[in-house]
Protein chains: 2
Amino acid sequence: MNDQDRRSMPLFAIGTVMKLTELSARQIRYYEEHQLISPERTTGNQRLFSFNDVDKLLEIKNLLDKGLNMAGIKLLLTDKVNKAAEKNETMKITNKELREVLRNELSEAGRFGKSSLRQGELSRFFVKR
Amino acid sequence: MNDQDRRSMPLFAIGTVMKLTELSARQIRYYEEHQLISPERTTGNQRLFSFNDVDKLLEIKNLLDKGLNMAGIKLLLTDKVNKAAEKNETMKITNKELREVLRNELSEAGRFGKSSLRQGELSRFFVKR
DNA sequence: AAATTGATGTAAGGTTTCCTTACATATAAT
DNA sequence: ATTATATGTAAGGAAACCTTACATCAATTT
């Protein structure tokens, strides 16, 4: 079993994810509805989230705090742009530029919630190689 | 938040732990009853297990496979012996000897279950420093 | 300004998972 | 043979989760 397998293992119930991310169940389900995440299900249809899912949710939260809407967040998180970028120089630049543009359009922001876990932090559960 | 905090965070419902360890709920609760683990609880009294708990359960499973009984496992896992050993040369030796004795009393063992996760493996979720 | 859209709250009714307690069982120890 | 150990199983109840639907409130659009 490699890291990627571990990161995508269905582990957490939604209650745990709520605490981990400080998002409401409504929000989490809403983001799933809009295909930002797609947690596995138990045989009884209950959601089980992976580390990847939680990391994504933390990133979503981060971008929400900065004022982005679903569309923007989707653009930044969606495979389309980011994954394509990894394999394509031109895309990579486009992606970078996109991030810049979005970043510049942000309100100066800065006020953080009282989140106990910051975006990307859960990743440290994993071994970096 | 440091590694130890992360390792002891209450994260997993018992169903998840069952899959992770391939132990029955009955077994897991039994080991708690006998103070081998002590998972947190939700406000509604449902168990939430940490990485440490799961790692311990995997170790318990390992020792079970080797024919140890609760008493032996308890000796090997319990703070008393191991933690004390870290700080005391004499104890350390005693502990080592104890391990030897127990090891020698094992049936030659060897047959493993079809466990998808081996003892210690979950630890790799964490950063080793 | 009024209507629409986007994002989240909340409530109802139902299902699944988990809880404890208790008793059954099989193997091992005495 | 009896007792102890470790686990299975079942019952009844509580907690957590599910979907659906409607409410709300801010931001857009008309």
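Every chain is numbered from 1 and lettered A, B, ... according to where its sequence line falls, protein lines coming before strand lines.
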Hey, does Phe49(B) have a side-chain heavy atom less than 4.5 Å from the side chain of Ile28(B)?
yes
For atom CD of Glu40(A) and atom C1' of dC18(D), their distance in whole Å:
17 Å
For the residue pair Met9(B) and Glu40(B), establish whether any side-chain heavy-atom pair is separated by less than 4.5 Å.
no
Would you indicate whether the side-chain heavy atoms of Leu36(B) and Leu57(B) approach each other to under 4.5 Å?
no
Atom pair distance, as rounded to whole Å: CG in Asn69(A) and P in dC25(D):
21 Å
Between P of dC18(D) and CZ of Arg41(A), the distance in whole Å
6 Å
Any carboxylate oxygen within less than 4.0 angstrom of a Lys/Arg side-chain nitrogen, looking at Lys74(B) and Glu33(B)?
no
Counting C-beta onward and ignoring hydrogens, is there a side-chain heavy-atom pair between Tyr31(B) and Leu64(B) closer than 4.5 Å?
yes
Starting at atom CE of Met18(B), determine the distance to atom P of dC19(C), rounded to an integer number of angstrom.
10 Å
Minimum side-chain heavy-atom gap Leu48(B)-Phe12(B) below 4.5 Å
no
Does Arg47(A) make a side-chain N or O approach to OP1 or OP2 of dT19(D) shorter than 4.0 Å?
yes
Going by heavy atoms in the side chains, are Leu23(B) and Ile60(B) under 4.5 Å from each other?
no
Considering only heavy atoms, which members of residues 25-35 of chain B lie under 4.0 Å from some atom of DNA chain D?
Arg26(B), Gln27(B), Tyr30(B), Tyr31(B)
Restricting both atoms to N or O, compile the protein contacts to nucleotides 15-17 of chain C shorter than 3.5 Å, with distance only.
from, atom 1, to, atom 2, distance (Å)
dT17(C), OP1, Thr42(A), OG1, 3.0
dT17(C), OP1, Gly44(A), N, 3.3

Which residues share a salt bridge (charged side-chain N to carboxylate O under 4.0 Å, His left out) with Arg29(A), sequence neighbours left out
none
Measure the distance from CG on Leu68(B) to C1' on dA6(D) and round it to the nearest whole Å.
14 Å
When the distance from CG of Leu57(A) to P of dA7(C) is rounded to whole Å, what number comes out?
15 Å
If I take atom NZ in residue Lys61(A) and atom P in nucleotide dT8(C), what distance separates them, rounded to the nearest angstrom?
12 Å
Student check: side-chain heavy atoms of Thr21(A) and Val54(A) closer than 4.5 Å
yes
